[in-house]
**Student:** 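The structure's right below; bear with me while I get my questions together.
Here is the naming used below: chain letters follow the sequence lines, and residue numbers restart at 1 for every chain. Because the structure is a prediction, the values reported are computed rather than measured.
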Amino acid sequence: MKDLKTYAPIEWCPGCGNFGILSIIEEILLEMKENGELIENFILLSGVGNHAKIVDYIHVNSFYTIHGRAVPVAEAIKLANPDTKVICFVGDGDGFAEGLSHLIFAAKRNADLTILVHDNRTYGLATGQFTPTSQSSYRASTMPEGAKEVSFNPLELMMASGASFIARGYPLKKEHFKSIVLEAINHKGFSVVDVLQVCVTFNNLYEDYNNSVNEESIKDIGNREKALKLIRAWNYSETKVPIPTGIFYQEERKRFEEFYSTLKEDGAERSVILDDILESLS
Amino acid sequence: MNTVTVQIGGKTGYGIHEAGVLVGRLFAKMGYNIYIMEDYPSIIKGGYEFIKIRAAKEKIGAHKDHIDLLLAMNQDAISRSKDNISKETKIIYNSDKVDNEEGLGLPLKSIIKEESTSGKELYIMIGALAKTLDLQWDLVDEVLKKHDGKDLENKLKAVKRGYESAEKGEPLKNQEDNKVLPVINGSHAISIGLLKAGLNALVGYPMTPTSPVLEFMAKYEKDLGIHVVLPESEIAVIMMALGYSYMGKRSAVATSGGGFSLMVEAIGLAAQAELPIVVVMGQRSGPSTGMPTYTAQTDLNFVQYASQGEFPRLIVAPGDAEEGVYWSGIALNKAWEYQIPAFVLTDKTHCLGYYSYDEKSIPKVKVEEGLLWDGKGTYKRYAKTEGGISPLAFPPLKDQVVKATGYVHDEAGITTENPDIAKGIADKRSKKKLKLIEDMKSYETVKTYGEGKTALLCWGSNKGVCMEASKLLGIKTIQVVMISPFPKEALAKALEGVEQLIDVECNSEGQLAILVKQYGFKVDETVLKYDGRSISVENLVEEVKKVIK
């Protein structure tokens, strides 16, 4: 197979930032396949929102879940079979609002997942409401006079939660973005990439990003202080300030699935154990 | 004596539960059938709790109010049981804490001091009980060694002292003709049933009354080679369980109403994505926090209708240990056969009540595979078939793709909003439902006990009390074991010759009665209890007498 496309018609607006993510993922998966990775070991997950349609467009195992809930499904998939490579596509409303607790706990557990947050800072499919990372100047249909609360910095939160790989990328800086995603997939542990994905219809930030995104390359990659400094350099509320992108933090740590043993399927052995248990209760 | 009800009462958090179960195991070793009921508040230490252990020659599944032997650790244990104490009741009490004119007073504090067996107060009481019922010392010694061997020497010392302090009363006879059966609670039974049917992963968030399912699974996780996962919320719980299902691993979740409320959205996902899942749903007093450690049968409607959209679901309501094992096994097997959500609808009475379990009395529970893909051609997760069931395959699968989704989808699992396909997959779910209804006709989904023109109608944990009361009254009991799909034909058959039907439930609206009426059956009377307490045999006999023709 030359590509990983499906017959599903792509339903994103022309110019949607999701195209950049789709093409990079396709490229990476194809390259990995050529390098001998088993494509059937990849499992893609998504929540609900414009980001989520991506799983329909890639001819790879997938589970299109419900809003905010892709991450716990992904954790279980990895526990069920540690040979899998699990990639979660989540949105900012999806992952940072509805399903935030799951991201925090997957980071805490160091579940070996790759989380790509399609952070367009609006509810696109729901037609333009305010999300946890919308800029303060954003005039959303639900907050026509501007924000009534400030945005949070999701990567700072991920750092506090114990994420072992933290990055931000901008798909228009194609090579840089690709290298970040590739590293995230190869990272053994919980990796999260906040992707500055632009919603061309409801929050078009292309111009701002093109002017303000900086490609950082950090040498001292496991240094929390330095990582936090970079992460905190941009607070998501402002738009016309420098925005660092790159891999901010990476560490090796025991992974969630390493705490679990392989599932046993031997029915006869189980019967004996259950009989013993019942004997112990009589 | 061939039967006895023992009650142990005292402060919560000081071993009343363990002592009660130990007494149950003593009687079980003598060949008795056991039923244990517990009443405790939502308090870790302090407050008042009691445990009731009933032993009988025949099979039982309910408690009696009247106490034959009371072990009273404090004044509450006597003053709060006044209605259940008669002049026949033998009372052994802690004379440090209790003023009582009758019975045997033991100064536990000074005995403990003399014997230096700190914390073993209840063992002194058990010793006194053993002597009062004229139990063999060897038996006491054996049971303690087997079930409560930690710090055994001090325990035995305390028991011995209690044994020596009491006098022999009317002996509790050995039931030599009976088998010695294991004593397990409803949660253990459900766990065993799921495990026999091949459970791979139990995902849970602790909540009364199903936490013992989590604890049981966690205790044997390594030996059994299963996964027990305890994530951040009930939402994560059910999503993880669906992750296992997607990978072909049999999963279940255990919860109660509050936790299940959080899981509801994902039940619809399971239905749309056609992923098997078992939910052990242990009812307790509601709405909201209600009374967390008290019982109810108030979620029959909730579980039947939870989640948006229309889809088939299996709901079974076991009423004792054997049914807990058997029907939980069926729930897991059918969930996989039909790729649907299945519910084991239980309650605090059943989950935390202990029963003698006779494995030989039920059909063998084993893994029944669902319809598996034959490996030919291109795999389509939602392939059209005659009966509506698409063959299962799980990733990783060489040269094949497995796509699951909560959206309306085509056969390959790709999203579509095409009206014909949308109608097609709704019809697919209906076909599965019809097939399930037919299939379940070969199971005993409605059970009857006894004969008579008057019948008690019950479900779940009220099985035991209805059976016993109806026997005493010379009437019939009809137990609806499967709630959904509703076993209309089986119920019609069970109702043949019945002229008066009395519905017995632990809720205030008569939810089963309403359901039964929807299917065109007549319910004449209802006996409803909704104070968080399970129904006693005496209480039910009295209530039924008021309405029986």
Side-chain angles (χ1 to χ4, degrees), chain A residues 6-8 11 38-45 48 52-53 55-56 59-81 83-84 99 101-102 104-105 108-109 260-267 269-271 273-282, chain B residues 25 28-29 146-147 180-184 188 192 195-196 198 200-201 203 220 222-227 229 231-233 235-237 239-244 246-249 251 265-266 268-269 273 357 359 366-367 395-407 409 412-415:
Chain A
T6 67
Y7 53 82
E11 293 170 339
L38 300 175
I39 195 78
E40 63 266 26
N41 278 347
F42 282 90
I43 295 174
L44 313 178
L45 292 109
V48 161
K53 295 173 188 251
V55 298
D56 272 347
H59 190 66
V60 167
N61 296 317
S62 67
F63 188 170
Y64 196 151
T65 71
I66 47 178
H67 193 57
R69 313 300 173 198
V71 174
V73 180
E75 287 173 83
I77 287 172
K78 189 74 192 178
L79 290 181
N81 182 350
D83 293 335
T84 52
S101 62
H102 308 311
I104 291 173
F105 277 86
K108 167 187 181 281
R109 297 177 186 122
Y260 283 82
S261 9
T262 312
L263 294 168
K264 285 188 207 162
E265 305 284 356
D266 184 348
E269 187 193 337
R270 178 175 290 192
S271 288
I273 295 167
L274 286 174
D275 287 347
D276 286 349
I277 292 172
L278 279 172
E279 207 291 313
S280 76
L281 295 168
S282 60
Chain B
R25 298 207 187 285
K29 260 288 185 277
K146 178 166 180 185
H147 295 285
V180 173
L181 297 172
V183 177
I184 62 174
H188 298 152
I192 291 166
L195 288 164
K196 281 174 181 282
N200 297 117
V203 196
Y220 303 109
K222 277 249 155 65
D223 297 343
L224 291 162
I226 58 170
H227 285 178
V229 195
E232 60 274 17
S233 67
I235 297 176
V237 163
M239 296 307 292
M240 280 193 176
L242 294 177
Y244 276 104
Y246 170 74
M247 295 298 284
K249 304 299 175 194
S251 63
E265 188 187 11
L269 172 62
Y357 169 61
E359 181 145 293
K366 55 182 195 306
V367 181
L397 213 55
K398 195 169 165 28
D399 299 329
Q400 302 292 346
V401 163
V402 183
K403 282 190 170 301
T405 175
Y407 257 91
H409 48 265
I414 300 279
T415 306

**Student:** When rounded to the nearest 0.5 angstrom, what is the spacing between CZ in A:F63 and CE in B:M247?
**Tutor:** 12.0 Å
**Student:** Using non-hydrogen atoms and a 4.5 Å limit, figure out which bit of B:V367 sits close to chain A: side chain, backbone, both or neither.
**Tutor:**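 Neither part, no heavy atoms under 4.5 Å.
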**Student:** Side chain, backbone, both or neither: which part of A:I77 has an atom under 4.5 Å from a heavy atom of chain B?
**Tutor:**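 Backbone plus side chain of A:I77, per the 4.5 Å heavy-atom cut-off to chain B.
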**Student:** Hey, are the side chains of B:K146 and A:E279 touching, using non-hydrogen atoms and a 4.5 Å cut-off?
**Tutor:** yes
**Student:** Need one label for B:S251: side chain, backbone, both or neither, based on atoms under 4.5 Å from any heavy atom in chain A.
**Tutor:** neither
**Student:** Any side-chain heavy-atom pair from A:L38 and B:P396 closer than 4.5 angstrom?
**Tutor:** no
**Student:** For a quick test of reading the model, state the closest non-hydrogen atom pair linking B:K403 to A:V60 and the distance between them.
**Tutor:**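 Shortest heavy-atom contact: NZ-O, 2.9 Å.
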**Student:** What part of A:D275 lies closer than 4.5 angstrom to a heavy atom of chain B: side chain, backbone, both or neither?
**Tutor:** side chain
**Student:** A:R270: which residues meet the side-chain hydrogen bond (donor to acceptor under 3.5 Å, both in side chains) condition with it, sequence neighbours left out?
**Tutor:**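 Expected list: none.
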**Student:** Out of B:P231, B:P182, B:G198, B:G243, return the one with the most heavy atom pairs under 4.5 angstrom to chain A.
**Tutor:**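 Counting heavy-atom pairs under 4.5 Å, the top option is B:P182.
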**Student:** With a 4.5 angstrom heavy-atom cut-off, which part of B:L181 approaches chain A: side chain, backbone, both or neither?
**Tutor:**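 It is the backbone, since no side chain atom gets that close.
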**Student:** Taking every heavy-atom pair that is under 4.5 Å apart, which of A:L79, A:T84, A:T65 has the most such pairs with chain B?
**Tutor:**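 Top option by heavy-atom pairs under 4.5 Å: A:L79.
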**Student:** Where does A:F42 contact chain B at under 4.5 Å (heavy atoms): side chain, backbone, both or neither?
**Tutor:**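 The answer is neither part of A:F42.
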**Student:** Do the side chains of B:Y220 and A:L274 get nearer than 4.5 Å, heavy atoms only?
**Tutor:**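 Sidechains of B:Y220 and A:L274: no contact.
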**Student:** Using non-hydrogen atoms and a 4.5 Å limit, figure out which bit of B:K398 sits close to chain A: side chain, backbone, both or neither.
**Tutor:** both
**Student:** Shorter than 4.5 Å, heavy atoms on both sides: which option in A:V48, A:N61, A:N81, A:V73 has the most such pairs with chain B?
**Tutor:**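 Between A:V48, A:N61, A:N81, A:V73, the count favours A:N61.
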**Student:** Name the region of B:A28, side chain, backbone, both or neither, that has any atom closer than 4.5 Å to a heavy atom of chain A.
**Tutor:**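 Answer is neither: B:A28 stays 4.5 Å or more from chain A.
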**Student:** Taking all non-hydrogen atoms of both residues into account, name the closest pair between B:S233 and A:H102 and its distance.
**Tutor:** OG-CE1, 4.0 Å
**Student:** Taking every heavy-atom pair that is under 4.5 Å apart, which of B:N200, B:V203, B:I226 has the most such pairs with chain A?
**Tutor:** B:N200
**Student:** Between chain A and each of B:A412, B:A241, B:A236, B:G248, count heavy-atom pairs under 4.5 Å; write down the option with the most.
**Tutor:** B:A236
**Student:** Taking B:H147, B:K222, B:H188, B:E359 one by one, which has the highest count of heavy-atom pairs under 4.5 Å against chain A?
**Tutor:** B:H147
**Student:** Using a 4.5 angstrom heavy-atom cutoff, name the option from B:I192, B:L397, B:T415, B:V183 with the most pairs to chain A.
**Tutor:** B:T415
**Student:** Against chain B, label A:S62 side chain, backbone, both or neither, depending on which of its atoms sit under 4.5 Å from a heavy atom there.
**Tutor:**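 It is both, since atoms from each part get that close.
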**Student:** Checking A:I273 now: which residues fulfil side-chain contact (heavy atoms from CB on, under 4.5 Å) with it, not counting sequence neighbours?
**Tutor:**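 By the side-chain contact (heavy atoms from CB on, under 4.5 Å) rule, A:I273 matches A:E269, A:I277, B:D223, B:L224.
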**Student:** Counting heavy-atom pairs under 4.5 Å with chain A, which one of B:H227, B:K249, B:H409 comes out on top?
**Tutor:** B:H227
**Student:** What part of B:Y246 gets closer than 4.5 Å to chain A, counting heavy atoms only: side chain, backbone, both or neither?
**Tutor:** side chain
**Student:** If we define contacts as heavy-atom pairs under 4.5 Å, which of A:E11, A:E265, A:R109 has the most with chain B?
**Tutor:** A:R109
**Student:** For a 4.5 angstrom cut-off between non-hydrogen side-chain atoms, does A:R69 reach B:L242?
**Tutor:**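 Side-chain contact under 4.5 Å: no.
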**Student:** So which part of B:I184 gets closer than 4.5 Å to some heavy atom of chain A, the side chain, the backbone, both or neither?
**Tutor:**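 The side chain, not the backbone.
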